[in-house]
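Below is one structure, written out as structure tokens; comments come after it.
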There are 2 protein chains.
Amino acid sequence: MAHSHDVPADLTRNQGLVMGALNHSVGPLSAYDILDKLRADGLRAPLQVYRALDKLVERGLAHRLESLNAFVACADEHCHRKGLIAFAICEGCGKVDEFADAVIEERLGDWAQAKGFKVERTTMEIRGKCEVCVAQAA
Amino acid sequence: MAHSHDVPADLTRNQGLVMGALNHSVGPLSAYDILDKLRADGLRAPLQVYRALDKLVERGLAHRLESLNAFVACADEHCHRKGLIAFAICEGCGKVDEFADAVIEERLGDWAQAKGFKVERTTMEIRGKCEVCVAQAA
DNA sequence: TTCAATACGTTATAGCATAACATCGCCGCA
DNA sequence: TGCGGCGATGTTATGCTATAACGTATTGAA
């Protein structure tokens with residue numbers, strides 16, 4: 001089922017189109033998936049999609065899933081999320097669950113401080129099966 | 001500086017070559033980087049490298065870094081590592097630090113249990129700057 | 001108006017990964 | 001000894017992901 005975000009009004013045309021595609025998808029989409037969905041709207045080249053995605057990710061309206069080379073709309077209604085976000089990706093249905101955990105963030109912070117490592121960005125992705133898909137497999 | 005692992009004796013020729021390439025590299029290598037290093041040894045096609053990498057990763061002798069599309073030798077001398085492994089990747093020098101954290105693993109386990117999510121694999125990658133590179137930038 | 005910054009459009013190319021098919025070598029076993 | 005299975009290998013072709021390099025257009029502030 002589609003998400004129900006309001007798209008911020010100050011997005012450019014391409015950014016709005018890409019955001020819309022992500023919002024109307026159940027699961028993550030690759031840049032090329034998005035491109036295919038938006039050819040009818042006039043998009044023709046991957047770069048048009050990648051450029052829009054860059055901005056959306058920068059603003060926290062979308063997230064990149066490194067282990068899938070794909071993108072999802074941010075699940076947080078008003079995009080307040082700060083700091084580390086973890087993703088649980090179901091191999092069965094493709095759905096992605098997004099959550100934050102302060103303890104994990106703190107542990108990472110401790111480790112980084114101890115090592116003198118300056119954290120810029122953290123990726124955390126869990127692959128597996130969601131409750132529904134586990135039940136179906138049984 | 002190169003790592004100093006002993007390569008397990010039961011690796012096949014290609015697996016041994018790829019493992020060697022990883023062990024002698026300071027930082028992560030892409031499959032194509034590895035291929036280039038091993039052309040002199042007779043490797044010709046990406047698939048030869050990818051197949052070897054699959055086995056090595058399966059055995060825990062190497063790890064895939066999702067956010068780089070690249071691979072590193074496992075840093076644990078005897079490859080005893082179980083469960084979740086986190087990677088800290090320096091954007092400056094390219095070095096990768098590998099560590100485990102039981103608390104983080106536990107928090108993830110709790111989340112998964114609460115959600116009924118069956119975890120199969122977890123990716124955790126921190127991008128940033130290591131102590132040395134932070135100092136140099138200053 | 002002029003300039004700078006940002007978005008856009010297009011073509012070409014680079015980089016990462018796997019499909020499909022044939023062959024080979026090893027090992028267990030009749 | 002010879003058969004048969006299995007996993008590793010070799011090779012070609014192809015598909016997916018991402019960016020370089022160029023030029024134009026739009027916007028907004030001095």
Side-chain angles (χ1 to χ4, degrees), chain A residues 7-22 25 27-59 61-72 89 91 94 96 121 123 125 127, chain B residues 7-22 25 27-59 61-72 89 91 94 96 121 123 125 127:
Chain A
V7 173
D10 65 333
L11 295 181
T12 66
R13 168 177 163 81
N14 288 0
Q15 288 165 20
L17 288 170
V18 170
M19 195 68 232
L22 289 176
S25 166
L29 296 175
S30 76
Y32 283 75
D33 290 339
I34 295 170
L35 178 56
D36 287 341
K37 284 178 180 287
L38 296 178
R39 282 190 200 284
D41 298 287
L43 293 208
R44 295 157 180 282
L47 211 45
Q48 296 176 291
V49 175
Y50 280 109
R51 290 202 272 228
L53 284 169
D54 281 348
K55 293 300 176 189
L56 296 175
V57 168
E58 205 176 290
R59 292 182 54 170
L61 298 171
H63 303 292
R64 176 186 174 84
L65 300 175
E66 301 284 358
S67 67
L68 293 179
N69 295 321
F71 302 83
V72 283
I89 302 165
E91 314 266 8
V96 176
R121 188 156 58 83
T123 296
E125 298 174 18
R127 308 291 292 267
Chain B
V7 174
D10 66 335
L11 294 180
T12 65
R13 169 176 162 80
N14 288 0
Q15 288 163 20
L17 288 170
V18 169
M19 193 71 231
L22 289 177
S25 166
L29 296 175
S30 76
Y32 282 74
D33 290 339
I34 295 171
L35 178 56
D36 287 340
K37 283 177 181 288
L38 296 179
R39 283 190 198 282
D41 298 287
L43 292 208
R44 296 160 179 280
L47 211 46
Q48 298 177 290
V49 175
Y50 280 109
R51 290 203 272 229
L53 284 169
D54 282 348
K55 296 298 176 190
L56 296 175
V57 169
E58 205 176 290
R59 293 182 54 170
L61 298 171
H63 303 292
R64 177 186 173 82
L65 301 175
E66 300 286 357
S67 68
L68 292 179
N69 295 323
F71 302 82
V72 282
I89 303 164
E91 314 266 9
V96 176
R121 190 156 56 82
T123 295
E125 298 174 17
R127 308 290 293 269

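Chain naming here is simple, since letters A, B, ... match the order of the sequence lines and numbering starts at 1 in each. Computed from a prediction, not measured in an experiment: that's the story for all the values here.
- Qualifying side-chain hydrogen bond (donor to acceptor under 3.5 Å, both in side chains) partners for B/Arg127, counting only residues two or more places apart in sequence or in other chains: B/Ser67, B/Glu91.
- Not counting sequence neighbours, A/Glu125 has no partner by the salt bridge (Lys or Arg N to Asp or Glu O under 4.0 Å) test.
- Residues satisfying the salt bridge (Lys or Arg N to Asp or Glu O under 4.0 Å) test with B/Arg13, not counting sequence neighbours, are none.
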Please list each protein N or O that sits under 3.5 Å from an N or O in nucleotides 19-24 of chain C, with the distance.
none

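- Across all strands shown, A/Ala45 has heavy atoms under 4.0 Å from base atoms, whether or not it also approaches the sugar-phosphate.
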Please write out the pairs of protein N or O atoms and N or O atoms of nucleotides 12-14 of chain C separated by less than 3.5 Å, giving the distance to one decimal.
none

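- Scanning residues 36-44 of chain B for heavy-atom distances under 4.0 Å to DNA chain D yields B/Arg44.
- Listed pair B/Asn69 / C/dA17 meets the phosphate criterion, a side-chain N or O lying under 4.0 Å from OP1 or OP2.
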Under 3.5 Å, which donor-acceptor pairs do the side chains of residues 30-37 of chain A form with other protein atoms, sequence neighbours left out?
{"from": "A/Ser30", "atom 1": "OG", "to": "A/Tyr32", "atom 2": "N", "distance (Å)": "3.3"}
{"from": "A/Ser30", "atom 1": "OG", "to": "A/Asp33", "atom 2": "N", "distance (Å)": "3.0"}
{"from": "A/Ser30", "atom 1": "OG", "to": "A/Asp33", "atom 2": "OD1", "distance (Å)": "3.4"}
{"from": "A/Ser30", "atom 1": "OG", "to": "A/Asp33", "atom 2": "OD2", "distance (Å)": "3.3"}
{"from": "A/Asp33", "atom 1": "OD2", "to": "A/Ser30", "atom 2": "N", "distance (Å)": "3.0"}
{"from": "A/Asp36", "atom 1": "OD1", "to": "A/Arg39", "atom 2": "NE", "distance (Å)": "3.3"}
{"from": "A/Asp36", "atom 1": "OD1", "to": "A/Arg39", "atom 2": "NH2", "distance (Å)": "3.4"}

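- Checking the phosphate oxygens (OP1, OP2) of C/dC8, a side-chain nitrogen or oxygen of A/Thr12 falls inside 4.0 Å.
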Could you list the donor-acceptor pairs under 3.5 angstrom formed by side chains in residues 41-54 of chain B, with sequence neighbours left out?
{"from": "B/Gln48", "atom 1": "OE1", "to": "B/Arg44", "atom 2": "N", "distance (Å)": "2.7"}
{"from": "B/Gln48", "atom 1": "OE1", "to": "B/Ala45", "atom 2": "N", "distance (Å)": "2.9"}

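- The nucleotide range of DNA chain D contacted by chain B, defined by atoms under 4.0 angstrom from heavy atoms of the protein and reported 5' to 3', is D/dA8 to D/dT12.
- Rounding to the nearest 0.5 angstrom, the gap separating the CG atom in B/Leu56 from the CG atom in B/Leu22 is 7.0 Å.
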